[in-house]
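Please read these numbers as outputs of a predicted model, since none were measured by experiment.
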Amino acid sequence: MKEQIYTIPLMDAFNAGDECPFCFIERNLEQHTMDFVLGAGASYMEDDIRAETDKAGFCREHYKKMFEYGNRLGCGLILTTHFKKKNEELKQQIKMFSPAKASMFSHFKKAQSTADAPKTSIGVWAKAQQESCYICNYYKNTYSRYLDTFFELYRKNPEFVELFKKSKGFCLPHFADLVENAETILSDKEKSDFYETLFPLMTENMQRVTDDLEWFCDKFDYKNKDADWKTSKDAIPRGMQKAAGSYPANPPYKSAL
């Protein structure tokens, strides 16, 4: 099979025998972005990159991963200029803030989180900060291009189609992405053929993981203490990955320095 540079990561992912090739790609993209932001290349010292990280910031999950990565100075420099930008925005938000008029029943109401649907300008601003992340943005944008590449290969490359058919399926979030995109990218005939492969592939592999999980639990019965674990030893992290994506058992990704 003739590979182009942009198809190689996708081919590698399908050859890896992973529970979800797109989880495999996302992990590689995320780690690449972590290396770019905090690694030996010191991109955080570049004014244009710092301007982007100052604006976008990072989500809660990636702040934790940046801390675990190990480059304290890099984190400190990124946070310093990001906080300077946020401080200016905060002052402006406070300056523009106008409290709503309290109702006569206000003192009967109990406090509640309105994070999903903020009612104040400050709440809306703070929610926007939580939803913005330089690392998420980078690998999500690149991931979408790999979805396009998947359908390009599916249409044009019979050998890739065989790899797809022999795969272990996908996690549920990436399975949903494939269906959503197939509906807009593929023709009616292509969709029919695609779903005839994808749906049995998913149900068979979800059942495979279910069987592994059941046997993992059954192994704790004293009657099975001497029985073979079969393929169930890592059923818990594989089941979690199948259900929600990612790799719950992986150790933190750290700087190579």
Side-chain angles (χ1 to χ4, degrees), residues 8-35 59-70 135-136 139-140 142-144 146-147 149-151 153-154 159-182 194-254 256:
I8 291 173
L10 192 60
M11 300 301 305
D12 289 345
F14 273 86
N15 279 309
D18 200 278
E19 287 292 347
C20 176
F22 284 109
C23 283
F24 186 91
I25 284 175
E26 278 200 340
R27 177 177 59 185
N28 287 350
L29 288 173
E30 181 185 54
Q31 292 177 353
H32 169 76
T33 314
M34 293 281 290
D35 289 336
C59 65
R60 178 186 296 187
E61 179 182 357
H62 282 120
Y63 272 130
K64 182 176 187 298
K65 289 184 177 182
M66 288 166 66
F67 184 80
E68 292 170 339
Y69 186 81
I135 295 175
C136 285
Y139 76 72
K140 283 178 180 177
T142 310
Y143 161 66
S144 67
Y146 280 116
L147 281 172
T149 302
F150 172 89
F151 286 105
L153 288 172
Y154 175 77
E159 292 183 50
F160 176 77
V161 173
E162 288 305 308
L163 273 179
F164 165 49
K165 290 179 178 179
K166 293 175 182 177
S167 73
K168 295 180 179 178
F170 306 88
C171 69
L172 292 179
H174 289 135
F175 165 64
D177 285 347
L178 286 173
V179 173
E180 292 291 325
N181 282 276
F194 180 63
Y195 294 145
E196 282 182 9
T197 297
L198 178 64
F199 290 168
L201 184 67
M202 281 300 298
T203 55
E204 290 167 11
N205 280 283
M206 287 289 286
Q207 186 60 53
R208 171 181 56 81
V209 174
T210 302
D211 293 344
D212 283 346
L213 288 165
E214 286 185 336
W215 182 242
F216 178 88
C217 296
D218 288 346
K219 265 290 292 174
F220 286 85
D221 188 320
Y222 75 94
K223 292 181 295 185
N224 298 320
K225 64 183 180 68
D226 295 323
D228 191 340
W229 281 91
K230 303 178 184 177
T231 56
S232 72
K233 277 191 174 182
D234 61 346
I236 299 300
R238 286 191 293 108
M240 290 177 175
Q241 180 187 0
K242 214 67 166 175
S246 191
Y247 298 88
N250 277 15
Y253 184 63
K254 295 181 178 293

Engineer: Are the side chains of Phe14 and Leu10 in touch, meaning some heavy atoms are under 4.5 Å apart?
Structural biologist: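 They are in contact (side-chain heavy atoms under 4.5 Å apart), so the answer is yes.
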Engineer: Testing the basics here: between Thr197 and Phe164, what is the closest heavy-atom pair and its distance to 0.1 Å?
Structural biologist: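 Between these two residues, the closest heavy atoms are CG2-CE2, 3.5 Å.
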Engineer: Give the intermediate values and the outcome of side chain to side chain contact (heavy atoms under 4.5 Å, CB included) for residues Leu178 and Phe151.
Structural biologist: CA-CA 9 Å; Leu178 286 173; Phe151 286 105; 4.1 Å; yes
Engineer: For the residue pair Asp35 / Tyr69, report whether a side-chain donor-acceptor contact shorter than 3.5 Å exists.
Structural biologist: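 Yes, a side-chain donor-acceptor pair sits under 3.5 Å.
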Engineer: Could you tell me if the side chain of Asn205 sits less than 4.5 Å from the side chain of Lys242, heavy atoms only?
Structural biologist: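 Side-chain contact under 4.5 Å: yes.
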Engineer: Is there a side-chain contact between Met34 and Ile135, using heavy atoms and a 4.5 Å cut-off?
Structural biologist: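 In contact.
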Engineer: Quick one: list whatever passes salt bridge (charged side-chain N to carboxylate O under 4.0 Å, His left out) with Glu214, sequence neighbours left out.
Structural biologist: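 Expected list: none.
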Engineer: Sequence neighbours excluded, which residues qualify as side-chain hydrogen bond (donor to acceptor under 3.5 Å, both in side chains) partners of Asp212?
Structural biologist: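 Asp212: side-chain hydrogen bond (donor to acceptor under 3.5 Å, both in side chains) contacts with Thr231, Arg238.
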Engineer: If you draw a 6.0 Å radius around CD in Glu68, do more than 12 non-hydrogen atoms from other residues or ligands fall strictly inside?
Structural biologist: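 Yes, enclosed.
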Engineer: Can you establish whether the number of heavy atoms outside Phe67 located under 6.0 Å from its atom CZ is more than 12?
Structural biologist: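 No, not enclosed.
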Engineer: Answer yes or no: is there an ion pair linking Glu204 with Arg208, defined by an N-O contact shorter than 4.0 Å?
Structural biologist: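 Between Arg208 and Glu204 there is no salt bridge, as every charged N stays at least 4.0 Å from the carboxylate O atoms.
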Engineer: If you define the side chain from C-beta out and look only at heavy atoms, does anything of Val209 sit under 4.5 Å from Lys168?
Structural biologist: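 SC-SC contact between Val209 and Lys168 ruled out.
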Engineer: If you take all heavy atoms of Phe216 and Ala235, which pair is closest and at what distance?
Structural biologist: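 So the two residues come closest at CB-CB, 4.3 Å.
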Engineer: Which residues pass the salt bridge (charged side-chain N to carboxylate O under 4.0 Å, His left out) test with Lys65, sequence neighbours left out?
Structural biologist: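 With neighbours one apart ignored, the set is Glu30, Glu61.
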Engineer: Any side-chain heavy-atom pair from Val179 and Phe199 closer than 4.5 angstrom?
Structural biologist: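 Heavy-atom side-chain distance check passes, below 4.5 Å.
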Engineer: Should Asp211 and Lys230 count as side-chain neighbours, where that means a heavy-atom distance under 4.5 Å?
Structural biologist: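 Answer no - side chains too far apart.
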Engineer: Output, in order, the C-alpha distance, side-chain angles, deciding distance and verdict of side chain to side chain contact (heavy atoms under 4.5 Å, CB included) for Ile236 and Leu213.
Structural biologist: CA-CA 7 Å; Ile236 299 300; Leu213 288 165; 3.9 Å; yes
Engineer: Applying ring-ring contact (aromatic ring centres under 6.0 Å, His included) between His174 and each of Phe150, Tyr146, Tyr143, report the one that passes.
Structural biologist: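 Output: one option passes, namely Tyr143.
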Engineer: Is Lys64 atom NZ crowded by more than 12 heavy atoms from other residues, nucleotides or ligands, each under 6.0 Å away?
Structural biologist: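 Atom NZ in Lys64 is not packed in, count stays at 12 or less.
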